[in-house]
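This report refers to the structure that appears directly beneath it.
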Amino acid sequence: MSKSLLIISRQAPWSGPGAREALDIALAGGAFDLPIGMLFLDDGVFQLSKAQQPGALQQKDLGANLQALPMFGVERLYASQRSLAERGLSDAELNLAVERLDDSALTTLLDHYDQVITL
Amino acid sequence: MSTLNVAGREIALDKDGYLIDLQDWSRPVAEALAAAEALQLSDEHWEVLELLRAFYAEFQLSPANRPLIKYAALKLGTDKGNSLHLNRLFKGTPAKLAAKLAGLPKPTNCL
Amino acid sequence: MATLHMLSHSPFADSRLASCLRLLGAADAILLSGDAVYALQPGTANLQALQLMPASVALYALDEDLTARGMQAPERAQVVDYPGFVELCTRYAKVNSWL
């Protein structure tokens, strides 16, 4: 039985390589059929904003790439309720179906996984 | 880096034989890329190449084998979305070879 | 499945420590290294937040990072050297590095 991994992605999409690196770990792990979950926390929830137009920065479309997570077998997607609320993001503005979790549910979530990495 | 001559046009390829400029892709280019791999494209091949182009249009990345199979099963049904069928069509490395022929970048998440 | 949370960024510059404190389990621990040891600066909200953690949560700080910054650990924190750091990593079920 493979060890489960929770990837906590907490960097804004266009500020540096953090968001891309977290996604690459998820896609690579998913391609190898590892049990992977992904949690969007802090500024990481900005990755989920539907209105992004990465072409303006000549970057790869992270939002489109995130849609591929379920295809790569990464179906457990979570976001911090608090991080979304603090940043004024409602469900209607999100590009991905994520489960919103409050702080105590996040503590339980972390506990479930064998490994956790925060980027 | 090398080039592929298609109907008098030089098409730039990277060191692994993938298109440098994805805009260069056309059906004749796909046929020439296939010929370079000693492959004759059938309707079943084209179906997968079109599927890959749809995958890329949707997700902006090339799938590894597992997501390719999953996507194929979703769009074409499980009689085609399985590793046996895809391996048979693309010499055992469907994600890499089909991405090449479909004019997609080399998949990064597949070893 | 207790977790050792490793922090190495200044808590005055970003929200890693704040977020970590919110996700902390009762049997988890925090290890401060690098600029994260500034969280122990006396008279600050960060130190206060650490002091408010339940006693079941262990708090560690890396000796040489404290010394280099001219800081002293309060009673709440246990000072560890590098061998101690390695030992901690093996003691907890998992290590969460806040990169």
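Chain letters run A, B, ... following the sequence lines, proteins first, then strands; residues in each count from 1.
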Who wins among C:Ala2, C:Gly25, C:Ser19 for the most heavy-atom pairs under 4.5 Å with chain A? C:Ser19

Determine which residues belonging to residues 83-106 of chain A lie within contact range of chain C, meaning some heavy atom pair is under 4.5 Å apart, and list them by number or answer 'none'. A:Glu86, A:Asp103, A:Leu106

Side chain / backbone / both / neither for A:Asp42 at chain C, heavy atoms under 4.5 Å: side chain

Sort A:Leu119 into side chain, backbone, both or neither according to what part of it lies under 4.5 angstrom from a heavy atom of chain C. both

Separation of A:Ile117 CD1 from C:Ser97 OG (nearest 0.5 Å): 7.0 Å

Distance, nearest 0.5 Å, that separates CG of C:Leu23 from OG1 of A:Thr107: 5.5 Å

Quick check for you: to the nearest 0.5 Å, what is the distance between C:Lys94 atom NZ and A:Asp111 atom CG? 5.5 Å

Looking only at A:His112, A:Arg82, A:Gln115, most heavy-atom pairs under 4.5 Å shared with chain C are made by A:Arg82

Under a 3.5 Å cutoff, is there a donor and acceptor pairing between the side chains of C:Ser15 and A:Arg10? yes

Check whether A:Ile8 gets within reach of chain C through its side chain, its backbone, both or neither, counting any heavy atom under 4.5 Å. side chain

Chain C contact via A:Gln11 - side chain, backbone, both or neither, heavy atoms under 4.5 Å: side chain

Side chain / backbone / both / neither for A:Asp43 at chain C, heavy atoms under 4.5 Å: neither

Specify the closest pair of heavy atoms between C:His5 and A:Leu110, including all atoms of both residues, with the distance to one decimal. CE1-CD2, 3.9 Å

